[in-house]
Amino acid sequence: MQFIDLKSQYRLIEDDVKARIDAVLNHGQYIMGPEIQELEEALAAFVGVAHCIGLSSGTDALLAAMMALEIGRGDEVITTPFTFIATGEMVALLGIRPVFVDIDPVSYNIDPRRIEDAITGRTRAIMPVSLYGQCADMDAINEIADRHQLPVIEDAAQSFGATYKGRHSCALSRIGCTSFFPAKPLGAYGDAGACFTSDEGLAGRLREIRNHGQDRRYHHPHLGLNARLDTIQAAVLLAKLSLFPQEIEARARLGARYTELLQERGAASTADGYGSVLTPFVPPTHGSVYAQYTIQVPARDQVGQALASEGIPTSVHYPVPLNDQPVFQPSLDRAATPVSARIAKRVISLPMHPYLSDAEQLRIADAVARSTGLTPDQNRRAW
Ligand SMILES: *Cc1c(COP(=O)(O)O)cnc(C)c1O
């Protein structure tokens, strides 16, 4: 069994991928070839914004977004500690102080109720992460941001394709940044990413920043990056885009089925707030793409080992909150995010991809129940 199976998907689109790559090899425009614009138009239409700017990775998308907003040394950006390193890393790399605000224990995303206390005169943006494929509470976050005239940058690296109150992730704030790393819900065959915005001025700046701050050939009004999306990756993504809507549906169905199977075996939802094994909670207003299907268990290492012994791979997203990472010490207060600290010790992700079979899911759910000693009655008392 594989944690993420990319081969089954490839078999379905093999001819199209090869034809699309072949077209690039024939025209030879490896940098900024016509596939870039074709992809950007298709993705902007899919997301429902005016502009998509293809970039070399999700990490570079975050970096370019903050550069485009002219946030830098001495400024502060409010974000979540319960995320992949890139979120806080790009903030700090620009000399910006990351201000880590604790998460909501039900959604695992930044807790909007705690944001306002973290805003200071130096705050220049709020950067929520839509973790595990489920959008952060963007309405509540935008409302606070508007009141303080701050832009919101959605780190949507795990949530491309997700919906929130009928709109798509990446269309929910001033700038949305995503990743097409191969293991993400929409993955290329190498590194790739994108920014989304309906702000024309910002889109123009992002296009310049990805190409060394150049506005016309050899004329550079700003400092920029070499952060262009590769033409070959754009070609791969165009081929994959035809499958994406049905993969989003499959992900939603499989995520819901995991929850059902685990709850039949005694697990509770994070929304219930009790139980030794907790399944994710996705409110009816949200459509998750389940970049990860992540549960909480009491003895995580034992569960991981027990599943591994049955040939079931697992992974931990993420074992250490960013404010406990050595690179972000010593300026930060460890005690400030107790929810993240607690949950980081308990989360474990199960195999998740659109081609997971019913039989595999059943085997995984049974293995989780066995390894946690879970039974329907016990669970309620255990936490
Ligand atoms: C994957 C990821 C990134 C970085 O994306 P890359 O394309 O790997 O650079 C940033 N933030 C989050 C939350 C991610 O999961």
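Everything numeric here is computed off the predicted structure, so don't read it as measured data. Numbers here simply count residues along the sequence, with the first being 1. Order of appearance sets the numbers: ligands from 1, and atoms from 1 within every ligand.
Close contacts between ligand 1 and Ser57 involve ligand atoms 7 (O), 9 (O) [criterion: under 4.0 Å to a heavy atom]. Near Val129, meaning under 4.0 Å from one of its heavy atoms, ligand 1 places the atoms 13 (C). Near Thr83, with a cut-off below 4.0 Å to any heavy atom, the atoms of ligand 1 are 13 (C). Using a 4.0 Å cut-off to heavy atoms of Thr87, the atoms of ligand 1 that qualify are 11 (N). Every atom of ligand 1 is numbered from 1 in the order shown, and the set under 4.0 Å from a heavy atom of Ala86 is 4 (C), 10 (C).
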*Could you go through the side chain to side chain donor-acceptor pair (under 3.5 Å) check for Gln263 and Thr279 one step at a time?*
CA-CA 8 Å; Gln263 290 188 359; Thr279 58; 3.0 Å; yes
*Quick one: do Asn323 and Thr337 satisfy side chain to side chain donor-acceptor pair (under 3.5 Å)? Show the steps, please.*
CA-CA 8 Å; Asn323 46 354; Thr337 61; 2.9 Å; yes
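Side-chain N or O atoms of Tyr164 include one that pairs as donor or acceptor with a backbone N or O of Met138 at under 3.5 Å. With Glu154 contributing its side chain and Ser169 its backbone, the two residues share no donor-acceptor pair below 3.5 Å.
The six-membered or imidazole ring of Phe160 lies near that of Phe46, with a centre-to-centre distance under 6.0 Å.
When the heavy-atom distances from atom 3 (C) of ligand 1 to Gly193, Ala157, Ser159 are ranked, the shortest goes to Ala157.
From the protein, the heavy atom lying nearest to atom 11 (N) of ligand 1 is Asp155 OD2, 2.8 Å. In terms of protein heavy-atom proximity, atom 7 (O) of ligand 1 is nearest to Ser179 OG, 2.6 Å. Atom 2 (C) of ligand 1 has as its closest protein heavy atom Lys184 NZ, 2.6 Å.
For Thr59, heavy-atom contacts with ligand 1 shorter than 4.0 Å involve the backbone as well as the side chain.
Between Phe100 and Phe328, the two ring planes are perpendicular [angle over 60°; tilted spans 30° to 60°]. In this structure, Tyr108 and Phe82 have tilted ring planes: the angle between them lies in the 30° to 60° band.
Side-chain heavy atoms closer than 4.5 Å link hydrophobic residues (I, L, V, M, F, W, Y) into clusters, and following such links, possibly through other members, connects Ile175 to Leu62.
Between Asp60 and ligand 1, a contact under 3.5 Å exists for no N or O pair. Considering backbone and side-chain atoms alike, Gly58 places an N or O below 3.5 Å from some N or O of ligand 1.
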